[in-house]
Amino acid sequence: MAEARPRVWVSQPLFDAVVEQLGAHFDLVTTAQVTAYTPELMAERLAGVDGALVTLNERVGAAEIAQAPRLRAIANVGVGYNNLDLDALSKAGIVATNTPDVLTETTADLGFSLLMAAARRITESERWLRDGRWQQWSFKTMLGADIHGATLGILGMGRIGQGIARRGALGFGMKVLYHNRSRLPEAQEREVGAQYVDLDTLLSQADHLVLVLPYTPASHHVINAAALARMKPTATLVNIARGGIVDELALADALAHGRLAAAGLDVFEGEPAVRPELLALDNIVLTPHIGSATLATRQAMVQLAVDNLVAALGAGPDAGQPPSALNL
Ligand code: DGY
């Protein structure tokens, strides 16, 4: 009798070409509509499968794992993996993978776009113009802050942080300061044009601060009222990492009361819900977690996740050696 093919669950609608690739190796349980999963639904979907391809929205923790006796591999489509309980997965012998590298430059582009849009008041200006409020050109209309020549602060210096640093240093002649858990080797600092400083110096000297650090219990609300108070009132804050890194109420308060000039947020603590306190502000640019959202990059992310899953479940050319495993 032929050996049963592994069963794989795909949590969200995917590009057809990669569904076909998965279908060549596995029996698939696909999802026709973009779906929000409750923990109960997650447990139900994972219960009977050997592998799953999930996104940052789908939490896989100890409770779901306990109800998924067959599960051997989880391929996360995304570089951030705070939705996965890596310890619990490792303890259960389940391989977890993510999609680094393929989204670095696209996400750095979005970070820089948010920085420029917030500092130069692009979306605020457009709303104002569309509202018919533009009477005539004037010296004081929509004054923003310069990007070129300013001091760019970067909190978190992984691949995306380095992409932001290069854009700032090489493209805009910025002085680039960064803070990270560990300092980059000097040659790499020179290559990306960035100088290591402590967190306090970063907060107090940055004209524009971009957050690109992973979300962990240690980085929860790292940007709180006290950190915001250390920043220049003329500064811009950009978050393209995870919403929980910023205390959003403290941020809204600082923006509303002139203690911070502007912000650009692509990620939110309770996304897709966005706090009314943020929505009420003019000096903020808000985007719906689109850091990696170009067609080419999303296709590359999904392809890498598929390659990971195929290999983690012992098939394909990399059998047993997924290209970007987190716990092997
Ligand atoms: C990631 O990869 O972690 C992003 O947030 C999703 O594009």
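Remember, it's 1-based here, ligands and their atoms both numbered in the order they're listed.
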Contact partition for V267 relative to ligand 1, non-hydrogen atoms under 4.0 Å: neither
Ligand 1 contact on L103 by region, counting heavy-atom pairs under 4.0 Å: side chain
Side-chain touch H289/L56, heavy atoms, less than 4.5 angstrom: yes
Ignoring angles and geometry beyond distance, decide whether [X] reaches within less than 3.5 Å of ligand 1 through its nitrogen or oxygen atoms.
X	result
R242	yes
V79	yes
G80	yes

Ligand-residue contact atoms, ligand 1 with H289, heavy atoms, under 4.0 Å: 4 (C), 5 (O), 6 (C)
Subset of ligand 1 atoms that lie under 4.0 Å from at least one heavy atom of G78: 1 (C), 2 (O)
Y178 to R183 - nearest heavy-atom pair and separation: OH-CG, 3.4 Å
Distance-minimising heavy-atom pair for V77 and M301: CG1-CB, 3.9 Å
Exercise answer: donor-acceptor pairs, residues 91-99 side-chain atoms, under 3.5 Å, sequence neighbours excluded:
{"unit_1": "N98", "atom_1": "ND2", "unit_2": "V79", "atom_2": "O", "d": "2.9"}
{"unit_1": "T99", "atom_1": "OG1", "unit_2": "G78", "atom_2": "N", "d": "2.9"}
{"unit_1": "T99", "atom_1": "OG1", "unit_2": "G78", "atom_2": "O", "d": "3.3"}

Nearest-neighbour protein heavy atom for atom 6 (C) of ligand 1, which is reported as residue plus atom name and distance: L56 CD2, 3.5 Å
Heavy atom of the protein closest to atom 7 (O) of ligand 1 (residue, atom name, distance): S292 OG, 2.5 Å
T55 versus E58, side-chain donor and acceptor atoms under 3.5 Å: yes
Hphob cluster co-occupancy, V306 + L313, side-chain heavy atoms under 4.5 angstrom: yes
Side-chain donor-acceptor pairs under 3.5 Å in residues 211-221, sequence neighbours left out?
{"unit_1": "Y215", "atom_1": "OH", "unit_2": "H220", "atom_2": "ND1", "d": "2.7"}
{"unit_1": "T216", "atom_1": "OG1", "unit_2": "A218", "atom_2": "N", "d": "3.2"}
{"unit_1": "T216", "atom_1": "OG1", "unit_2": "S219", "atom_2": "N", "d": "3.3"}
{"unit_1": "S219", "atom_1": "OG", "unit_2": "P214", "atom_2": "O", "d": "2.9"}
{"unit_1": "S219", "atom_1": "OG", "unit_2": "T216", "atom_2": "N", "d": "2.9"}
{"unit_1": "S219", "atom_1": "OG", "unit_2": "T216", "atom_2": "O", "d": "3.3"}
{"unit_1": "H221", "atom_1": "NE2", "unit_2": "E269", "atom_2": "OE1", "d": "3.0"}
{"unit_1": "H221", "atom_1": "NE2", "unit_2": "E269", "atom_2": "OE2", "d": "3.2"}

